[in-house]
Amino acid sequence: MMAANPYQAIESGQPGTIGWRIHYFDEVGSTQRVAADLAGEGAAQGTIVIAERQSAGRGRMGRTWHSPSGVNLYLTIILRPALPIAEVPRLSLVAGVAAAEALESAAPGLVALKWPNDVWLGGRKTGGIIAEAVTDFRQGLRCVLLGIGLNVNLPAADLLPELRDKATSVRIATGRECDRIGLARVLFNRLDSRYMEIERDGFAAIRPAWERYSALTGRRVTVVDGAARIAGVVRGIDAGGALLLDTDTGRARIVTGDVSIEGAYD
Ligand code: BTN
């Protein structure tokens, strides 16, 4: 259902910039789905879909993203980058940096990034990012649907019981309500400038910013990817965004997987 759009005030109006046009819905299945349809109709780069609630919010690896109404940010940005498909996952790291920078003013000193795409406040997950490539029949990249979910004003009582020790929101972490529209405005500005930076200078340009927020560097972790499992100490990310691990048998470069920290939450 379409509703009055409180995010209209922060539309930049300049075609191609991130947030130039914001489509707002009370409820959708997933903003990824709505954005895919708009992209198919030719929506320009930088078009955003925001919903108050998702009935079928999608997380990574087929998980669902809990999306209760009126408290959080659920959004998808349509990007049309000139990138090989293999490099699309880097865009979720770019979004991570932008999200961390945007959260810094709402929750100073608490923000961290967990490779590949979790946003943490005070050691608990407050946001998740997904970068889905839409390809044509020749497997050429048509567009990328960059989905961002941030728990903003979710009260502690509304955390799913199984996520109580792992998840948080800006409000839970800081004890303060956060202006969602102001946060979205800063997020889009940061994303626009970080995206322009990598288009101009390549992904490696934002690597130091990502590393500054890295929650994992120096920690012993286990990475699970399907049946494969590898343990080691995190040394950061490489110039392409892969996680660097020092293992018992030498340096490993991890491009996909779920990371858990030994002796910590998950
Ligand atoms: C993850 O951590 O697993 C990624 C979660 C991504 C959630 C966002 S919410 C907005 C967009 N629409 C979706 O259905 N998923 C993403």
Side-chain angles (χ1 to χ4, degrees), residues 7 18-19 22-39 43 46-79 88-100 102-103 111-121 123-134 143-154 158-160 162-163 166-170 180-181 183-184 187-188 191 213 215-216 223-226 241 243 256-261 265-266:
Y7 293 89
I18 290 172
I22 300 174
H23 296 263
Y24 172 77
F25 299 86
D26 235 12
E27 177 175 344
V28 296
S30 162
T31 56
Q32 296 292 105
R33 180 72 254 164
V34 177
D37 292 343
L38 284 169
T47 302
I48 293 181
V49 175
I50 298 188
E52 288 293 346
R53 171 177 191 273
Q54 299 183 111
S55 55
R58 302 207 294 257
R60 286 174 70 232
M61 309 200 165
R63 298 186 189 113
T64 57
W65 187 255
H66 180 53
S67 308
S69 187
V71 283
N72 295 331
L73 282 173
Y74 315 114
L75 58 98
T76 300
I77 302 149
I78 298 172
L79 295 175
V88 167
R90 294 180 188 181
L91 294 173
S92 63
L93 301 185
V94 178
V97 169
L103 284 167
V111 190
L113 294 172
K114 180 189 169 219
W115 188 91
N117 61 0
D118 287 358
V119 184
W120 278 8
L121 288 179
R124 293 177 182 202
K125 181 163 172 169
T126 200
I129 295 163
I130 194 165
E132 293 179 333
V134 178
C143 69
V144 174
L145 306 173
L146 187 60
I148 304 178
L150 290 178
N151 292 342
V152 183
N153 289 318
L154 186 75
D158 292 355
L159 283 174
L160 293 177
E162 64 272 28
L163 297 178
K166 295 186 187 169
T168 190
S169 69
V170 178
R180 281 187 296 161
I181 295 167
L183 181 64
L187 175 65
F188 302 154
L191 199 49
Y213 285 109
L216 299 181
V223 185
V224 178
D225 181 20
L243 187 71
T256 171
D258 254 354
V259 181
S260 51
I261 300 177
Y265 315 100
D266 42 23

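Positions are given from 1 along the sequence. Note that ligands are numbered from 1 as they come in the structure, with each ligand's atoms numbered from 1 the same way. Side chains are part of it too, since the values below use all heavy atoms of this structure and drop only hydrogens, waters and symmetry mates.
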Start with the C-alpha gap between E52 and S69, add the side-chain angles, then the distance that decides, and say whether side chain to side chain donor-acceptor pair (under 3.5 Å) holds. CA-CA 5 Å; E52 288 293 346; S69 187; 5.1 Å; no
Restricting to side chain to side chain donor-acceptor pair (under 3.5 Å), what partner residues turn up for [X], sequence neighbours left out?
| X | result |
| --- | --- |
| T47 | W20 |
| N151 | N72 |
| D258 | R60, R63 |

Expected rows: ligand 1 N/O, protein N/O, dist below 3.5 Å:
unit_1	atom_1	unit_2	atom_2	d
ligand 1	2 (O)	K125	NZ	2.7
ligand 1	3 (O)	R60	N	2.6
ligand 1	12 (N)	T31	OG1	2.9
ligand 1	12 (N)	Q54	OE1	2.9
ligand 1	14 (O)	S30	OG	2.6
ligand 1	14 (O)	Q54	OE1	3.3
ligand 1	14 (O)	R58	N	2.6
ligand 1	15 (N)	R58	O	2.7

Which atoms form the tightest heavy-atom contact between L73 and V152, and what is the distance? N-CG2, 3.9 Å
To the nearest 0.5 Å, what is the distance between CG (L243) and OG1 (T256)? 11.0 Å
